Colleague: 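My questions all concern the structure below.
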Amino acid sequence: MSSVDFTPAPNFIKTIITEDLQTNKSGGRVHTRFPPEPNGYLHIGHAKSICLNFGLALEFNGLCNLRFDDTNPSKEDVEYVESIKTDVRWLGFDWADREYYASDYFQQLYDFALRLIRKRKAYVDDLSAEQIREFRGTLTEPGKESPFRNRPPEESLALFERMRSGEFPDGSRVLRARIDMSSPNLNLRDPVMYRILHAEHHRTGNTWCIYPMYDFAHGQCDSIEDITHSICTLEFEDHRPLYDWFLNELEIGHPQQIEFARLNLSHTVMSKRKLLQLVQEGVVSGWDDPRMPTLSGLRRRGYTPEAIRSFCERIGVAKRDSMVDVALLEYCIREDLNKRAPRVMAVLRPLRLVIDNYPEGREEELDALNNPEDPTMGTRKVPFSRELFIEEDDFMETPPAKFYRLSPGREVRLRYAYFVKCVGVVKNQGGRVTEVHCTYDPNTKGGDAPDGRKVKATLHWVSAPHSIAAEVRVYDHLLSKAEPSEEEGGADFKTLLNRRSLEVLKGCRLEPGLSKAAPGSRFQFERLGYFSVDSEDSTPEHPVFNRTVTLKDEWTKIQKTQEKEPAKLKSPKAIPEISAGRQRTDLVPIAPEITIDDFSMLDLRVAVVREAGLVPGADKLVKLMLDVGEGRLRQVFAGIRSAYPEPENLVGKKMMFVANLKPRQMKFGLSEGMILAGSGKNRLAVATFDGDLEPGDKVS
Ligand code: ATP
Ligand code: MG
């Protein structure tokens, strides 16, 4: 079923379960549950919990229930229940007939509450919510007992019954557990068990106007369902003593609670509250907007369940909170689609290419491979004719060094077709190239020259008259910052929204075979990335594709830098040249000695400045676009503005560049390396080369 192979990795939870099985702790059973609250759509963090709970059941021949924790009627909805079921099924897991609801146990929970009242372990409190909060104390001060704490059980029983029958308004009374107001664990300071809420519940309607708190429901639900291992996220560690207290006082069965770290993903938000806010305020088009980290969003974007399961397996399960780079998720989908998505040609920003020596009206069908990774996927015919579209940025009239694609006089290969050579261009009044004219060499059909001559680039293309038009939606990260700080990630997280997270390209041209592509189907557009047919908006008349992920793999790069952490530059300031013999008194002390091996960890390169400009809002910075010979430019922010108030003058200069420095997310964008400069008091100069060096040459 899966095209992503992975062997389940060991983790500390499996170790616990294995031990429990050996000691026959729960009669040799493993029974887990996934307990979502139906107050939003599931996200990739939930996928971690789903894969864990259902995965453990599968691995240990046990069972996993789907249980809706629906104790809060005001936020819950059947729409969410249905979406959750769809998503869990889509991920590939099956709960058979074990679909449960906390609301199914409302009567049982009520009876449990009566039992505790009778035991003097619970009481009805008339304090207001605010007073309860005040009386609760703090981490350093004990709480104060409520004046109603010692009310006789009969009185509490009668009041609780009247709460249930609807006699009292919301917030006027609560039922509290009678534990210990001076406990160092605040959860044990007489927590609220029931509150009055005159709200209609999506399942129980108006049967109830008191609802159990999550903390009073969760452990008891686990117990009712005979769960053996209750796996939850770390923040519930402090609640465990309370769950244990309830179960012990009620003298009912005891699942083992095990806590693990929740998933945090870079460049995105994961709390349902914030995701709901994005939906309600129209920042995104809905819960399934392809930029959302929801499972429905990822599905619509083109993610496969296999890729998400593989991701969840790779991130593993730990006890410590950490941030996972979204590049790992992207790596997983790329790895999956690379093997199974058919490759096709599509031009996102079309530029017309006319082959002057190709007979007008002629057309031919060329053979194209559907996936070089998998020959069993076969070949297809692609129409070729005199007029084609190529990608706008595959042509440059005055190419910089290392631009090997099409330009006047240059010959390139058209994938699966011929060599073509540019012989001229047509421009519009604004001087923009609107047509590229070429000649083709008929002897190069299929892509090779009989005389053995080579070209440096292969371009994708579509035949202009045969191609179909489409809309392509190109997505980027939801947040412009990888790891928002606590304050940034809080109420103000919207200031971090990436305003360029969606680019809609109209007038893209696709090879004609794609007119039959089914909604949701996935393709590799050669040289561009993976794309899938939008399941909501695409029609045969107006096809819409979503970019799932680019071809560029950031993850392998991140891993390499992590493995080979570059040596920290203790003193990046070079020592200015001084006249021989004079001893400086103001010299910055020379840093401790290092070995040649330490030094060789720095990858220094020649970088040629292609663009340079000021950074609005940053009076010390200059933004440089540097060519390090990688076929793309690196963006670097350098604090050199004081010495270079007109940074344009730096264009063309060859600089000394630290190429293996971890990229740093700055307020103004990503800085992908560092240029070296010499500096002293009120003086600064960047290190440059003269002479015949190419971008990317090693500096040693
Ligand atoms: P949110 O904070 O986004 O509202 P939640 O924990 O309240 O999430 P629930 O519907 O209660 O959402 O979660 C169902 C299950 O999924 C719980 O067991 C919870 O621990 C788990 N879960 C939620 N978010 C994550 C996450 N980021 N990583 C791992 N597990 C998660
Ligand atoms: Mg929760």
Side-chain angles (χ1 to χ4, degrees), residues 1-2 4-36 45-67 69 88 91-100 102 105 112 185 187 215 217-263 306 308-322 324:
M1 162 181 97
S2 158
V4 177
D5 299 315
F6 55 79
T7 17
N11 63 44
F12 77 98
I13 300 182
K14 291 182 192 175
T15 310
I16 295 175
I17 295 183
T18 307
E19 281 169 15
D20 289 351
L21 287 175
Q22 277 161 2
T23 58
N24 210 24
K25 188 169 166 190
S26 321
R29 285 184 314 121
V30 173
H31 202 148
T32 57
R33 83 288 169 268
F34 171 63
H46 293 113
K48 176 175 179 178
S49 174
I50 295 168
C51 290
L52 183 60
N53 280 297
F54 281 93
L56 288 169
L58 284 172
E59 198 176 332
F60 290 97
N61 264 322
L63 297 170
C64 181
N65 296 354
L66 174 62
R67 181 196 323 131
D69 256 320
V88 176
L91 262 188
F93 297 106
D94 184 11
W95 56 91
D97 57 354
R98 293 180 311 283
E99 176 179 325
Y100 300 122
Y105 312 131
F112 284 150
N185 183 340
N187 293 307
D215 276 351
H218 194 88
Q220 282 68 261
C221 291
D222 280 346
S223 177
I224 293 168
E225 291 177 13
D226 249 341
I227 298 301
T228 58
H229 296 86
S230 174
I231 295 160
C232 57
T233 39
L234 284 181
E235 67 273 23
F236 291 103
E237 202 161 9
D238 290 350
H239 296 239
R240 181 160 21 109
L242 174 59
Y243 299 166
D244 287 345
W245 186 89
F246 282 134
L247 295 169
N248 288 339
E249 292 298 340
L250 290 167
E251 296 165 53
I252 53 175
H254 230 209
Q256 169 159 9
Q257 176 169 313
I258 309 171
E259 302 88 9
F260 72 100
R262 62 171 49 228
L263 167 69
E306 289 82 359
I308 293 176
R309 293 203 304 263
S310 154
F311 171 75
C312 291
E313 192 62 37
R314 271 169 216 265
I315 55 175
V317 190
K319 265 284 189 196
R320 201 159 52 97
D321 272 317
S322 68
V324 175

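Model, not experiment: these values are computed from the prediction. Hydrogens, waters and symmetry mates play no part in the numbers below; they use all other heavy atoms, side chains included.
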Colleague: Is there a donor-acceptor pair closer than 3.5 Å between any side-chain N or O of N185 and the backbone N or O of D238?
Modeller: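 Pair found, side chain donor or acceptor close to backbone of D238.
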Colleague: Residues two or more places apart in sequence or in another chain: which of them pass side chain to side chain contact (heavy atoms under 4.5 Å, CB included) with K319?
Modeller: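 For K319, the residues satisfying side chain to side chain contact (heavy atoms under 4.5 Å, CB included) (neighbours in sequence not counted) are F12, L234, E237, E259.
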Colleague: Hey, mind stepping through W95 and N65 against side chain to side chain contact (heavy atoms under 4.5 Å, CB included) and telling me if it holds?
Modeller: CA-CA 6 Å; W95 56 91; N65 296 354; over 6 Å; no
Colleague: Drop me the distance from Q256's CD to I227's CD1, to the nearest 0.5 angstrom.
Modeller: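 Rounded to the nearest 0.5 Å, the CD-CD1 separation comes to 13.5 Å.
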Colleague: Give the C-alpha distance, both sets of side-chain angles, the deciding distance and a yes or no for side chain to side chain contact (heavy atoms under 4.5 Å, CB included) between T18 and F60.
Modeller: CA-CA 9 Å; T18 307; F60 290 97; 3.7 Å; yes
Colleague: Take Y100 and I224 through the test side chain to side chain contact (heavy atoms under 4.5 Å, CB included) and record every step on the way to the result.
Modeller: CA-CA 11 Å; Y100 300 122; I224 293 168; over 6 Å; no
Colleague: Kindly write out the residues that satisfy side-chain hydrogen bond (donor to acceptor under 3.5 Å, both in side chains) with Y105, not counting sequence neighbours, or none if the list is empty.
Modeller: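 Testing Y105 for side-chain hydrogen bond (donor to acceptor under 3.5 Å, both in side chains), a comparison that skips the adjacent residues, returns E225.
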Colleague: Over all heavy atoms of both residues, which pair between S223 and L247 is shortest? Give the atoms and the distance, please.
Modeller: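 So the minimum-distance heavy-atom pair works out to CB-CD2, 3.8 Å.
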Colleague: Could you check whether any side-chain heavy atom of L91 comes within less than 4.5 Å of a side-chain heavy atom of F54, counting everything from C-beta outward?
Modeller: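 The answer is no, as the side chains (C-beta and beyond) never meet within the 4.5 Å cut-off.
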Colleague: Closer than 3.5 angstrom, by distance alone: can the side chain of K48 be matched with the main-chain N or O of A261 as a donor-acceptor pair?
Modeller: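 Answer holds: yes.
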Colleague: I need the minimum non-hydrogen distance between F34 and P36, along with the two atoms involved.
Modeller: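 That closest heavy-atom pairing would be O-CD, 3.0 Å.
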Colleague: Could you walk me through whether C232 and Q257 pass the side chain to side chain contact (heavy atoms under 4.5 Å, CB included) check?
Modeller: CA-CA 7 Å; C232 57; Q257 176 169 313; 3.5 Å; yes
Colleague: Tell me if a side-chain donor or acceptor on R29 pairs with a main-chain N or O of D226 at a distance below 3.5 Å.
Modeller: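 Yes: the side chain of R29 pairs with the backbone of D226.
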Colleague: Just jot down the side-chain hydrogen bond (donor to acceptor under 3.5 Å, both in side chains) partners of D244, sequence neighbours excluded, or say none.
Modeller: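 Testing D244 for side-chain hydrogen bond (donor to acceptor under 3.5 Å, both in side chains), a comparison that skips the adjacent residues, returns H254.
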Colleague: Distance-only, no hydrogens or angles: does the R67 side chain make a donor-acceptor pair with backbone N or O of A102 under 3.5 Å?
Modeller: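 No.
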Colleague: If you compare all heavy atoms of F93 against all heavy atoms of G55, which two are closest, and at what distance to 0.1 Å?
Modeller: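 Closest pair (atom of F93, atom of G55, distance): CE2-N, 4.4 Å.
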Colleague: For the CZ atom of F246 and the CD1 atom of I252, what is their distance to the nearest 0.5 Å?
Modeller: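 If we round to the nearest 0.5 Å, F246:CZ and I252:CD1 are 10.5 Å apart.
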Colleague: Among residues at least two apart in sequence or on other chains, which ones pass side chain to side chain contact (heavy atoms under 4.5 Å, CB included) with N11?
Modeller: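 For N11 the side chain to side chain contact (heavy atoms under 4.5 Å, CB included) partners, ignoring immediate neighbours, are I13, K14, L52, V317.
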Colleague: Working to the nearest 0.5 Å, report the span between CD1 of I16 and CD1 of I258.
Modeller: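 It comes to 4.0 Å.
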Colleague: In Å and rounded to the nearest 0.5 Å, what is the CD to CG distance from Q220 to L250?
Modeller: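 One finds 5.5 Å between CD of Q220 and CG of L250.
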Colleague: Under 3.5 Å, is there a donor-acceptor pair linking the side chains of D69 and H218?
Modeller: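 Short answer, yes.
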Colleague: Determine yes or no for a side-chain-to-main-chain donor-acceptor pair under 3.5 angstrom, with R98 supplying the side chain and C64 the backbone.
Modeller: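 Confirmed, R98 side chain pairs with C64 backbone.
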Colleague: Go through the structure and list residues passing salt bridge (Lys or Arg N to Asp or Glu O under 4.0 Å) with R33, not counting sequence neighbours.
Modeller: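 With neighbours one apart ignored, the set is D222.
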Colleague: Look up atom CG in L263 and atom OG in S322, then write down how far apart they are to the nearest 0.5 Å.
Modeller: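 It is 8.0 Å, given to the nearest 0.5 Å.
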Colleague: Please report the interatomic distance CG(N187) to NE2(H239), rounded to the nearest 0.5 Å.
Modeller: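 N187 CG to H239 NE2: 4.5 Å, rounded to 0.5 Å.
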Colleague: If the condition is salt bridge (Lys or Arg N to Asp or Glu O under 4.0 Å), which residues does E19 pass it with, not counting sequence neighbours?
Modeller: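 Applying salt bridge (Lys or Arg N to Asp or Glu O under 4.0 Å) to E19 gives none.
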Colleague: So which heavy atom on S26 is nearest to which on T228, and how close?
Modeller: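 Shortest heavy-atom separation between S26 and T228 comes out as CB-CG2, 3.5 Å.
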